[in-house]
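Working notes, structure below.
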Amino acid sequence: MKVRLYPDDQAKAELDRQFGAVRFVYNKALAIISHRYKVHGDSLRASKDIKPLLAVAKRSRKYSWLKDFDSIALQEACRNLDTAFKNFFDKSSPSRYPRFKSRRGQQSSYHCTGTTAYDDESITLPKIGKIPAKIHRDIKGSLKSITVSRSPTGKYYAAILVDTDEVLPEQITDINAHSVRGIDVGLAALVNCDNGIKIDNPRFIQRSTKNLRRKQKSLSRKKKGSSNRAKARLAVAKCHEKVANARNDFQHKLSRRLVDENQAIVVETLKVKNMMKNRRLSKAIADASWHSQIEKLSYKAEQAGKHLVKIDQWFASSKTCSCCGKKVEKLPLNIRSWTCACGAVLDRDTNAAINIRQQGILKLKARGSPFLLMEACVRPTHCRLRPEK
Ligand SMILES: [Zn+2]
């Protein structure tokens, strides 16, 4: 659970120092790893190779100041760097090569149980003490960790992680074919379902994305180090925060709806990295947000005992007739619907979603659980002719 913190000026200064120490360890580890790779070709792991150096560093005169900070938080910086590298090597994740953390960006620091605590109106951190917090609902379970953060707009938060004894429900086994939903991420609409439903990004997000781009341009024109640049930077950060919050909220609602209404959802996992290299910015943003949309779908489906079937990206999904399986050679992006030789009239995006759904059904069957699929219903309803075999 994420709660807002209201530190006084002294606590703010202490938190900022804590963030600085965590950032220092992260950046130092990143510098060492990058250097060792470039010069010696070694692949070091931060938590395995750098973390032990922390104790050594604290004994040295130069870095003894690290002793003033929660050692768990410093170790966690190494683990975070490992995660950043792992995401970079993961092809389905949009992450780039880890970058140095700037004092202006998002800051965070992890503190584990034993040294942390919370009550109705505050959290307690090691070496910093009590910080007032707005705890908006009951926290059930035993405390595992508290991660404090500061947003680029200067707001402080704490993510409180608790261990609940909640048991996940068993996955549904008798799936009704009617409640298997194929989803295609589109350019025209955000989400296309196989049953013809199209869901678009709320207008608010589109509008604020435009606004963000304008503010970014204005920032790039400001002189480095000037107070106007600092102002413009804050304006961009505020805009970013607004867009991110709105998108997050929308994604939660959309995934909630999809999980509630269906038993199984089939999605394509995009090879985001390839796309970000060679396409327009807006598309890159769309792809990156699709990745976080899938993550939300994934855990909501798990909590509800429903299935999220991920299929590898399949470039022919819009070019293949979902009725007869025939593939057209070319299908330019501006063609929104087409007629197949078999007579089926196909909407580009809906057709892709139907194909994705069919791939998902094959995968569900391959998992071997006793599915109660009604075969007759698996074929799309717009099909005019029986499939050729
Ligand atoms: Zn056809």
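For ligands, and for the atoms within them, numbers begin at 1 and follow the listed sequence. Keep in mind the model is a prediction, meaning the values are calculated, not measured.
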Gln107 versus Arg23, side-chain donor and acceptor atoms under 3.5 Å =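 Yes, Gln107 and Arg23 have a side-chain donor paired with an acceptor closer than 3.5 Å.
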Under 2.8 Å from the Zn ion (ligand 1), which protein N/O/S atoms are there?
->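 Result, waters dropped: Cys321 SG, Cys324 SG, Cys340 SG, Cys342 SG.
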Considering only NZ, NE, NH1 and NH2 on the basic side and carboxylate oxygens on the acidic side, decide whether Glu268 and Lys310 come within less than 4.0 Å.
->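 Not counted as a salt bridge, because no side-chain N and carboxylate O are separated by less than 4.0 Å.
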Answer yes if the ring centres of Tyr26 and Phe100 are under 6.0 angstrom apart, and no otherwise.
->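 For Tyr26 and Phe100, the ring centres are not under 6.0 Å apart.
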Backbone N/O of Thr350 and side chain of Asp347: donor-acceptor pair under 3.5 Å =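 Yes: the side chain of Asp347 pairs with the backbone of Thr350.
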Just by distance, do the side chain of Arg357 and the backbone of Val180 share a donor-acceptor pair under 3.5 Å?
-> yes
Does Asp249 have any side-chain hydrogen bond (donor to acceptor under 3.5 Å, both in side chains) partners at least two apart in sequence or in another chain, and if so, which?
->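 Result, side-chain hydrogen bond (donor to acceptor under 3.5 Å, both in side chains) vs Asp249: Lys253.
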